[in-house]
Every structure is written in C-alpha cells, then in structure tokens.
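So you know, we letter chains A, B, ... as the sequences are listed, proteins then strands, and number each from 1. Worth knowing before you read on, the calculation uses all heavy atoms, side chains too, and leaves out hydrogens, waters and symmetry mates.
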Protein chains: 2
Amino acid sequence: MDGQTSFPLGPSSLTEALYESVRKRIVNGEIAPGEKLTEIRIAGEYSVARPTAKACLERLTALGLLRRSTHKTAVVPKLDEDDIRDLYFSRETVERAAVATLARTATVPPEAVRAQAAMKAAAGDTAANGAFASQVEADIAFHSALVAAVGSRRLSRMHEVILGEVHLTMGQFQAHRTTHPMNVVHEHDDILKAIGDGDPEQAQRLLAHHLDQAQGRLLSQLHRERSEEAPA
Amino acid sequence: MDGQTSFPLGPSSLTEALYESVRKRIVNGEIAPGEKLTEIRIAGEYSVARPTAKACLERLTALGLLRRSTHKTAVVPKLDEDDIRDLYFSRETVERAAVATLARTATVPPEAVRAQAAMKAAAGDTAANGAFASQVEADIAFHSALVAAVGSRRLSRMHEVILGEVHLTMGQFQAHRTTHPMNVVHEHDDILKAIGDGDPEQAQRLLAHHLDQAQGRLLSQLHRERSEEAPA
DNA sequence: GCGACAAAATCGTCAGACAAGTATACTCGT
DNA sequence: ACGAGTATACTTGTCTGACGATTTTGTCGC
C-alpha cells in the first residue's frame with residue numbers, strides 16, 4: 001500500500017499507529033513465522049526512532065505475538081500442537097463464560113448478528129482475492145462481539161489477547177481454506193439460537209463443539225505441513 | 001533507603017527490577033490510590049533514566065495497576081464497585097476452569113497445600129506487624145497455585161493479571177483485617193477436598209461461594225470508606 | 001573437521017533536547 | 001468581587017546520538 005505519504009493515523013499517536021500496522025502484518029501472515037524482527041529493521045521500514053520501534057516490539061511480545069528473550073532478536077512464533085491446545089483451552093474458558101452469561105438473560109448481541117452477515121457474504125465469493133482474509137476477520141468479529149456484549153472490560157481484554165494469537169495461527173495455517181465456511185456460519189447460528197432461547201447449557205455445549213472443530217482443523221493442518229517439510 | 005549503591009538487581013536487568021519494585025509498592029498500598037506517578041519522579045527515586053521509568057509505567061498500565069491517558073500523569077486507580085464486580089466475575093471465570101480441570105483428574109497441587117500452611121501460620125499471629133501482608137500473600141499464592149497446576153501458560157498469564165488487581169484492592173481496603181482468616185482457610189480446604197474427591201461440580205460451587213464471600217468483604221469495606229469521607 | 005578466539009550485529013540503558021498537549025494560575029473585563 | 005479567557009509551567013511524546021554488554025557469527029589454528 002501507500003507507505004510513504006503520512007499515514008491516516010487513526011488515534012492519537014505514532015506509537016499507536018506503528019503498533020497497529022506491525023500487528024496487522026503479523027496476524028495476517030505477511031511476516032512469516034520464524035522471521036526475525038529487529039528493532040532497527042522496524043525503525044528503518046517506518047522511519048521512526050529505535051526506541052519507538054522497541055516499544056512496539058515489547059507490546060507485541062507481551063501479547064504473545066512475538067517471542068524474544070533478553071538480548072535476542074524478536075521472532076514471529078511458530079505455534080506447535082501444545083500451544084494450539086493451550087490456546088483453545090483458554091479460549092474456551094473465556095467464551096464459555098461469555099455465552100453462558102448472555103444466555104442467562106437471552107441477550108443476542110446485534111454486533112454478532114452483523115458479523116454473521118459479513119461472514120455469509122465473504123463465504124459467497126470464495127474465489128475472490130482476499131476473501132479468505134475477510135472470512136477470518138468476520139469469524140474473529142463474531143466471537144469478539146459475543147464476549148464484548150457481556151460488558152466486562154477485563155474479560156474482553158483477556159479475550160482480545162487470545163484472539164490475537166488465534167488470528168495469528170489462522171493466518172499462518174489458512175485453515176479456513178480447507179473447510180466449507182458455511183459450516184462455521186451454521187454453528188454460529190446455532191449458538192446464537194441457544195442464547196436467544198435462554199439456554200446456557202446448550203449454548204456452552206455448542207460453543208465447545210464449535211471450538212473443537214476449529215482446533216481440529218488447525219491441528220490437522222499443522223500435521224500436514226509438518227509431514228511436508230519432514231525430509232530435512 | 002540506599003539509593004546510590006548499585007541495586008542488588010535480582011533478575012537480569014534494571015528494567016525488570018524497577019518494574020518489580022514499583023509493582024510491589026503499588027499492590028502493597030505503599031503508594032496510595034489516586035496518587036500521581038510521574039515519569040520524572042520514578043526516574044529520580046530510582047536514579048534511572050526517564051525512558052526506563054516510562055517503560056515501567058507503561059507496563060504497569062497495561063496490567064491495570066495504573067491508569068493514564070495520553071499526556072496525562074499516571075495515577076494508582078481507585079477501584080469502584082463496578083470494577084470490583086467485573087474483576088471478580090473475570091476471576092471466577094478463570095478459577096472455575098482451573099478447579100474443574102484439576103478435579104477431573106483429582107490432582108491436588110502441592111503448592112496450594114503449602115500455601116495453606118503458610119496462611120495458617122500467618123493467621124496465628126494476627127497481632128504481629130506485617131501479618132496482614134503475609135496473609136494476603138499466602139491467599140494469593142494459594143489461588144495462584146491452583147491455576148498454575150493446570151499447566152496452561154495462557155490461563156496462568158490471564159490469572160496473573162487479574163490477581164494483580166485483586167492484590168491491589170486487598171491492599172487498599174485491607175479487607176482481611178475485618179474477617180477471621182481461619183474462615184478463608186477452611187473454605188480453601190473444602191475446595192481442595194472437592195478436587196481430591198474428583199468432583200468438578202462441587203469444587204466449582206465451593207469456589208464460587210468462596211469468591212462471593214471475598215467480593216462481599218471488599219464491597220462492604222468500600223461502602224464503609226465511602227460513607228466516612230462523604231462530608232466533602 | 002572441530003573447538004576456541006575475535007569481530008560484527010543487536011540489544012539495554014543512558015543523556016539531552018524539542019515539540020505538543022494539559023493543567024494551573026494569572027490577568028482583565030464586567 | 002467574580003467569571004472568562006489567556007499565558008505560563010509542567011508533563012508527556014518522540015527524536016538524535018552514544019556507550020557498554022551480550023549474543024551470534026565468522027575465522028583461524030590445531
């Protein structure tokens with residue numbers, strides 16, 4: 001994109017914009033897993049000072065989107081099977097609480113419904129370029145809306161961090177390409193229905209199943225890739 | 001204290017030690033809620049450069065131990081009723097998942113048992129100076145051990161953040177002073193027993209009750225303080 | 001070919017400086 | 001005397017530049 005004209009810096013500041021931009025590049029897979037991100041490189045690419053770049057990398061590291069230890073350069077993490085299981089266990093913990101809470105008052109978040117519409121639209125033109133990315137976006141938006149509707153700042157904060165890593169793995173494995181997006185849409189619809197019916201147990205059950213499916217897709221994709229690059 | 005002789009910096013680095021020190025001062029209530037923490041003040045108190053102090057404050061802000069908006073001085077947050085409810089809702093979400101998981105395999109974490117012993121010891125000499133602080137420490141350690149035993153890095157990370165804020169409020173309200181610590185000890189024991197019995201439902205029930213009690217103590221303490229400083 | 005030493009790259013921390021925004025205090029008009 | 005607008009001081013955001021420490025890489029000798 002247009003990299004040199006002054007950025008449309010949304011919020012207040014340089015640091016924020018830099019962070020958002022690098023974050024996007026990571027979760028969208030533009031920066032491959034295992035790739036090294038030095039402070040100098042970031043500073044150079046964006047024409048900012050090294051301390052600014054440093055702060056950016058530190059923030060991303062805190063969110064799990066980068067790994068680095070003292071005096072070593074940051075790298076985009078390549079999540080293994082244990083990571084994915086751990087990630088989905090944490091995710092399930094948070095989202096279970098969310099859907100149960102919503103179901104208790106039969107509150108169907110309008111934002112989630114909107115995300116569903118976007119997902120259906122994206123599912124329509126699977127051939128189109130960038131359709132994959134917008135599917136992932138819509139999927140993330142759906143789950144995000146579910147948690148946001150609970151109204152708990154801290155739950156949302158935790159979920160945001162987790163979804164960041166989820167987004168990262170999805171971008172890396174492109175698991176959505178190997179499955180029919182309409183299945184996901186239908187599972188989402190079922191969850192919304194259970195919430196609307198005021199049935200917390202059912203909502204949790206369906207959610208757990210949905211997440212299990214997603215985790216399974218990621219794991220099988222992981223194994224496939226591993227077996228391909230085995231002859232080293 | 002001795003500010004000029006090089007610090008006995010425990011871990012790797014200056015930043016880390018600074019962060020730990022300031023964090024402790026905040027959660028222990030040495031820095032009162034509402035108190036302002038300028039970068040310059042921290043830099044001066046610890047004889048470090050301002051960027052170092054800045055990074056420290058940013059980290060603490062990310063953890064919810066400080067609040068600040070752009071171009072405004074960081075302050076130690078004074079949590080209101082909504083905050084406490086939100087905090088305990090999130091806490092319950094995480095710890096429920098933990099005890100349920102442990103109970104499913106009837107795994108009683110040795111660390112938690114050890115924390116219980118420490119708590120009993122601290123409960124013995126309520127009169128002693130600093131006994132209150134060690135009670136809180138032991139309490140935190142117990143719940144921390146529970147979650148750590150699950151073995152989920154991400155769940156532990158989330159819990160760590162939440163416990164930071166819990167620690168903060170406990171230090172501020174000193175709620176433990178108004179209650180018999182042995183009650184807390186017994187509730188902990190009950191939870192451990194349910195885990196050992198392999199009864200996830202019971203463990204979750206007892207945990208929820210335990211957290212409800214704790215939240216209630218904090219809220220009543222909050223109301224008491226508010227009514228005292230009402231005539232403004 | 002392998003291990004040890006030297007060189008390069010990178011990070012951690014610091015000092016100093018300027019711009020920009022916020023909050024406070026002061027002045028002026030009514 | 002009091003309120004409103006402005007001016008000043010304080011604090012933060014960002015940059016430039018630099019030095020020591022540590023990790024990594026590359027080379028040399030055995």
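Applying the side-chain contact (heavy atoms from CB on, under 4.5 Å) test between Val76(B) and each of Arg67(B), Lys36(B), Gln172(B), Arg25(B) identifies Gln172(B) as the sole match. Each of His167(A), His159(A), His210(A) was scored for a ring pair (Phe, Tyr, Trp, His ring centres under 6.0 Å) with His143(A), with one residue passing: His210(A).
Shown here for Thr38(B) and Leu57(B), the closest heavy-atom pair between the two residues is C-CD1, 4.2 Å.
To the nearest 0.5 Å, atoms CD (Glu95(A)) and CG (Leu163(A)) are separated by 6.0 Å. Rounded to the nearest 0.5 angstrom, Glu165(A) CD and Asp86(A) CG are separated by 8.5 Å.
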Checklist line | Reading 5' to 3' through nucleotides 10-18 of chain D, protein heavy-atom contacts under 4.0 Å coded B for base, S for sugar-phosphate only, - for none | finding: -SBBBSB-B
Next item on the list: Show your working on salt bridge (Lys or Arg N to Asp or Glu O under 4.0 Å) between Asp83(A) and Arg154(B) and close with a plain yes or no.
Entry: CA-CA 9 Å; Asp83(A) 280 317; Arg154(B) 287 161 184 86; 3.4 Å; yes
Notebook entry, point to check: How far apart are the C-alpha atoms of Glu39(B) and Arg68(B), what are their side-chain angles, what is the distance that settles it, and do they pass the salt bridge (Lys or Arg N to Asp or Glu O under 4.0 Å) test?
Noted result: CA-CA 12 Å; Glu39(B) 300 179 355; Arg68(B) 80 165 161 175; 3.4 Å; yes
Is there any protein nitrogen or oxygen under 3.5 Å from a nitrogen or oxygen in nucleotides 4-9 of chain C, and what are the pairs?
none

